[in-house]
Amino acid sequence: MIVDYSELYRQFDGPLEAWKEILPAQLADAWDEKKNGNLKRWLPVFDTIPQIVAKNVDLNADWLKVGDESEVSAEQRQQLFDGLKQLMPWRKGPYELFGVPLDTEWRSDWKWQRVLPHLDDLQGRRILDVGCGSGYHCWRMRGAGASMVVGIDPSMLFACQFELFKKYIDDSSVHFLPLGIEAVPQSLQAFDTVFSMGVLYHRRAPIDHILELKSCLRPGGQLVLETLVVDGDQCQILMPEDRYGKMRNVWFIPSVDMLILWLNRCGFSNVRAVDLSQTSIQEQRATEWMQYESLSDYLDPEDPSKTVEGYPAPLRVVILADKK
Ligand SMILES: Nc1ncnc2c1ncn2[C@@H]1O[C@H](C[S@+](CC[C@H]([NH3+])C(=O)[O-])CC(=O)[O-])[C@@H](O)[C@H]1O
């Protein structure tokens, strides 16, 4: 395993003790190269990139800034560039690593700008970010004052991308666990804020997902739920026949009012939508660092208000809710 989790275990106290008991086995399994063949391709990157710590780090910069160009030699910069290339595709960002601009498929900073102003102050909070991707938002949460951030995501590519940045950032309070939400013990009630952004529509059982998120929160904690929605009233929901915007695994896309109903039925209070935004082809697009298809290829070329399958184009809501 390339990651030393001893600091994480040290910080997992109080209600997190229950998870600490099973975590070592879960993590060993996730990092098992026999079970995930791609790790053989990605892990060697960690032997070839410069072994330094960044001096100039700005977790509040939209292009998350880790190190200045002046902190590395031309040779080290090339090693970094090559290492980053080996960990493509880069979907969630953007970052700037020792002067190398990493323009990712998503402008995840735009989502953060839509979310952050509405949140309970993150200062001193323990946060869980479910489906955290490369961990871009985890770093931004820490930049906004969180005392500890735990990001979980079952993608081992995202895990490697996160660990590459973690190598250079001298901060022991942000952690990535390469696990799905299913791996979190029930009734943990350990986090002050739980984020689930871009995950709900991938879940076959959305109500169970909401209840899982709730069980991670302490009483009085805040849920931040960001997901795809469709226009319509409390009775409206879209279940794609097959793909949605060429994405597999899209199950339920409710209206905002239906989503609010779900959260109320799950026992949350103060449920409110704070942002509704159409995803633009400026926010999600192919770049040098993600050269596959992106949003413009998923939309009907004749009518970009629809996906290629004829469904409404991606519209995303941010909902906040309090656990009683
Ligand atoms: N069972 C699971 N448990 C946890 N995560 C999962 C699971 N299954 C898939 N994921 C992860 O959920 C993330 C969803 S992406 C949102 C990223 C970020 N939050 C963003 O808002 O930009 C949006 C998208 O791919 O449509 C991916 O990284 C999956 O690996």
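Both counts, for ligands and for their atoms, begin at 1 and track the order of listing. Atom set for the values below is all heavy atoms of this structure, side chains included, hydrogens, waters and symmetry mates excluded.
- Counting only heavy atoms of the protein, atom 6 (C) of ligand 1 lies nearest to P154 CD, 3.3 Å.
- Ligand 1 lies less than 4.0 angstrom from a heavy atom belonging to H137.
- With 3.5 Å as the limit, one finds a donor-acceptor pair spanning the side chains of D82 and Q78.
- Comparing E182, M247, H209 by heavy-atom distance to atom 1 (N) of ligand 1, the nearest is E182.
- Among R126, R218, R125, the one residue that satisfies the side chain to side chain donor-acceptor pair (under 3.5 Å) test with T193 is R125.
- Under a 4.0 Å criterion applied to the non-hydrogen atoms of Y201, ligand 1 contributes the atoms 23 (C), 24 (C), 26 (O).
- In this structure, K214 does not pair ionically with D208, as no charged nitrogen and carboxylate oxygen lie closer than 4.0 Å.
- Near V199, meaning under 4.0 Å from any of its heavy atoms, are these atoms of ligand 1: 12 (O).
- Comment: E163 does not engage K166 in a salt bridge, judged by the lack of any side-chain N to carboxylate O separation of less than 4.0 angstrom.
- Backbone and side-chain nitrogen or oxygen atoms of G131 are examined, and one is located within less than 3.5 angstrom of a nitrogen or oxygen of ligand 1.
- Residue-to-ligand polar distances keep S155 apart from ligand 1: every N/O pair is separated by 3.5 Å or more.
- G198 O, 3.3 Å is the protein heavy atom nearest to atom 23 (C) of ligand 1.
- Using a 4.0 Å cut-off to heavy atoms of F158, the atoms of ligand 1 that qualify are 28 (O).
- In summary, the side chains of D257 and S255 do not present any donor paired with an acceptor at a separation below 3.5 Å, with no hydrogens or angles considered.
- With respect to D62 and R140, a salt bridge is recorded, a charged nitrogen being found less than 4.0 Å from a carboxylate O.
- Classification of D171 and R142 as a salt-bridged pair holds, one side-chain N sitting under 4.0 Å from a carboxylate O.
- Counting atoms of ligand 1 from 1 in the listed order, those under 4.0 Å from a heavy atom of R203 are 1 (N), 2 (C).
- Under 4.0 Å from ligand 1, not a single heavy atom of E226 appears.
- No side-chain N or O of T104 forms a donor-acceptor pair with one of Y136 less than 3.5 Å apart.
- With respect to the salt-bridge test (charged N to carboxylate O, under 4.0 angstrom), the residues E283 and R316 do not qualify.
- The residue from H202, R107, Q284 that puts a heavy atom closest to atom 24 (C) of ligand 1 is H202.
- Below 3.5 Å of separation, one finds no N or O of D129 facing any N or O of ligand 1.
- The shortest heavy-atom contact between P24 and Y9 is CA-OH, 3.3 Å.
- The distance criterion of under 3.5 Å between nitrogen or oxygen atoms is not met by I152 with respect to ligand 1.
- Among protein heavy atoms, atom 20 (C) of ligand 1 sits closest to K111 NZ, 3.4 Å.
- Close N/O approach between M197 and ligand 1 is found [any backbone or side-chain N/O within under 3.5 Å].
- Considering backbone and side-chain atoms alike, D153 places an N or O below 3.5 Å from some N or O of ligand 1.
- Taking each of I181, V250, L200 in turn, the one with a heavy atom nearest to atom 4 (C) of ligand 1 proves to be I181.
- Donor-acceptor pairing under 3.5 Å is recorded for the side chains of E71 and N56.
- For S108, no nitrogen or oxygen atom sits less than 3.5 Å from a nitrogen or oxygen atom of ligand 1, counting backbone and side chain alike.
- Judged by a 6.0 Å distance limit and a 45° cone about the ring axis, K85 is positioned over the six-membered ring of W289.
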